[in-house]
Protein chains: 2
Amino acid sequence: MTKRAETTERRRLEIIEAAIACFVEAGFHQTGMRDIAGRAGVSVGNLYNHFMDKAALIAAIAALETDQVEDFVAATAPGDAADAALDAFCRGYLAICLQPVSIVLTAEFASEAVRNPAIGALFERNRRILRRALAAILERGVRAGLFDPALDRDEAAATIIDMIENLPIRAHLQGGEVGADRSEALLGFVRKLARRP
Amino acid sequence: MTKRAETTERRRLEIIEAAIACFVEAGFHQTGMRDIAGRAGVSVGNLYNHFMDKAALIAAIAALETDQVEDFVAATAPGDAADAALDAFCRGYLAICLQPVSIVLTAEFASEAVRNPAIGALFERNRRILRRALAAILERGVRAGLFDPALDRDEAAATIIDMIENLPIRAHLQGGEVGADRSEALLGFVRKLARRP
DNA sequence: ATTGACTGAACGATCGTTCGCTCATATTCA
DNA sequence: TGAATATGAGCGAACGATCGTTCAGTCAAT
């Protein structure tokens with residue numbers, strides 16, 4: 001890669017990070033291009049050399065999240081026992097969702113996705129990656145006789161992911177923290193949901 | 001009530017309903033006061049005779065939701081057996097959340113609440129009413145020996161409410177509907193979560 | 001005679017985006 | 001290799017549109 005292309009990519013990332021910071025603080029629609037430019041230490045006009053428009057910036061952030069999710073899913077070892085894998089998946093994804101960035105952006109993306117199909121597709125794509133990985137763990141557990149054979153794997157996976165994503169948001173709204181007790185309570189619910197009757 | 005006060009209140013409701021319709025279509029921050037005024041068949045200036053500002057309009061909608069939630073909670077008969085009451089609560093609240101208005105507004109309020117403390121307080125108030133009612137049902141079930149005594153009533157109640165609220169949103173994003181199968185799957189998860197081991 | 005619902009033009013601020021411009025770097029050619 | 005050319009990152013003023021809000025004025029109900 002040439003030196004020019006390197007600095008361009010670095011700048012691109014700087015802009016994305018500035019945009020994330022702004023969106024977290026103020027939300028998509030309350031953040032202006034001038035806010036992002038100012039935070040990134042760049043002119044307004046230059047934003048448009050790196051991104052077609054504001055929507056492209058939002059999409060780039062969603063794409064960055066896809067990378068993070070794919071890395072996480074790839075790191076969940078498929079060799080472990082299913083019950084241990086389920087625990088590891090929940091703990092790992094909860095750790096991701098507990099980041100302040102995630103808390104706000106998840107809520108922000110969700111509300112945007114409900115109305116904006118383009119964002120909705122990107123959002124749904126991330127969810128599908130997670131859902132499939134978790135459903136595979138559940139399937140493995142059912143085959144091993146660990147989990148309830150009557151379990152609807154896909155629906156259960158989607159429900160568990162929702163539970164994990166919502167815990168930090170809920171805690172944030174109640175003004176509290178997600179301590180070890182709450183994490184363990186969540187894990188208990190998940191285990192109970194998967195366990196055979 | 002005088003005739004004047006009557007028409008004023010009717011007008012106030014018309015404005016709120018117009019605002020809801022706009023917010024559902026476009027979201028809080030993409031909806032202008034002119035959009036609301038136009039939809040309500042009223043001048044922009046007149047909006048400010050009924051509501052201090054845009055935030056007051058949003059708050060009024062949240063207050064309307066509080067009424068709906070309180071009515072629902074009051075209607076859940078405390079005489080029923082706890083397991084039947086749990087079913088009824090879930091089905092009833094799911095029916096509320098399945099309304100298109102709820103789907104979008106729930107997501108919209110959640111993302112707004114994360115950042116805006118005033119809205120967050122209103123939002124959290126509605127959640128608390130629901131949480132307490134459901135926690136009471138769980139408590140009754142535990143006392144009757146129907147539910148798991150080790151259950152964290154509050155945390156379980158909050159989790160169940162999240163599950164119910166998220167099912168319609170998730171289905172909407174996936175482009176599908178919430179049929180009887182999905183509703184029943186959700187109910188199964190809830191029962192499993194409450195059941196004693 | 002007084003009140004207050006109602007109108008719509010107007011205000012200043014801010015929005016996303018464009019555009020003419022400069023300048024450092026990369027590429028091409030003598 | 002050195003000079004000429006092409007490229008695109010970067011700037012910031014300016015554009016038209018739209019934002020939430022105000023206000024002087026009208027008119028029907030009290």
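Here the structure is a predicted model, which means the values were calculated and not measured. Residue numbering restarts at 1 for every chain, and letters A, B, ... go by the order of the sequence lines. Both backbone and side-chain heavy atoms feed into the values below; hydrogens, waters and symmetry mates do not.
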Distance in Å, Ser111(A) OG paired with His29(A) NE2, rounded so as to fall on 0.5 Å steps:
7.0 Å
From the candidates dA9(D), dT7(C), dG12(D), the one with an atom nearest any side-chain atom of Asn46(A) is dA9(D)
Atom CZ of Arg12(A) to atom C1' of dG8(D): distance rounded to whole Å?
16 Å
What is the distance, rounded to the nearest whole Å, between atom CD of Glu9(B) and atom C1' of dA5(C)?
15 Å
Heavy-atom nearest nucleotide on DNA chain D taken for Arg4(A) and for Gly41(A); more 5' hit belongs to Arg4(A)
SB check Glu139(A) Arg132(A) (cutoff 4.0 Å)
no
Under the criterion salt bridge (Lys or Arg N to Asp or Glu O under 4.0 Å), I'd like the reasoning laid out for Arg127(B) against Asp162(B): C-alpha separation, chi angles, the key distance, then a yes or no.
CA-CA 10 Å; Arg127(B) 305 291 301 267; Asp162(B) 276 348; 2.5 Å; yes
Generate the contact string for nucleotides 13-18 of chain C. Rules: B means base contact, S means sugar-phosphate contact only, - means no protein heavy atom under 4.0 Å.
--BBBB
Counting only side-chain N and O atoms of Arg11(B), is one of them less than 4.0 Å from OP1 or OP2 of dA5(C)?
no
I need the full list of salt bridge (charged side-chain N to carboxylate O under 4.0 Å, His left out) pairs touching residues 32-57 of chain A, with sequence neighbours left out, sorted by first then second residue.
Glu25(A)-Arg39(A)
Value in whole Å for how far the C1' atom of dC11(D) lies from CG of Leu47(A)
11 Å
Is there a donor-acceptor pair closer than 3.5 Å between any side-chain N or O of Ser102(B) and the backbone N or O of Leu98(B)?
no
Glu6(B) has an atom CD; how far is it from atom C1' of dT30(D), in whole Å?
14 Å
Name the orientation class of the two ring planes belonging to Phe89(A) and Phe72(A) (parallel below 30°, tilted from 30 to 60°, perpendicular beyond 60°).
tilted
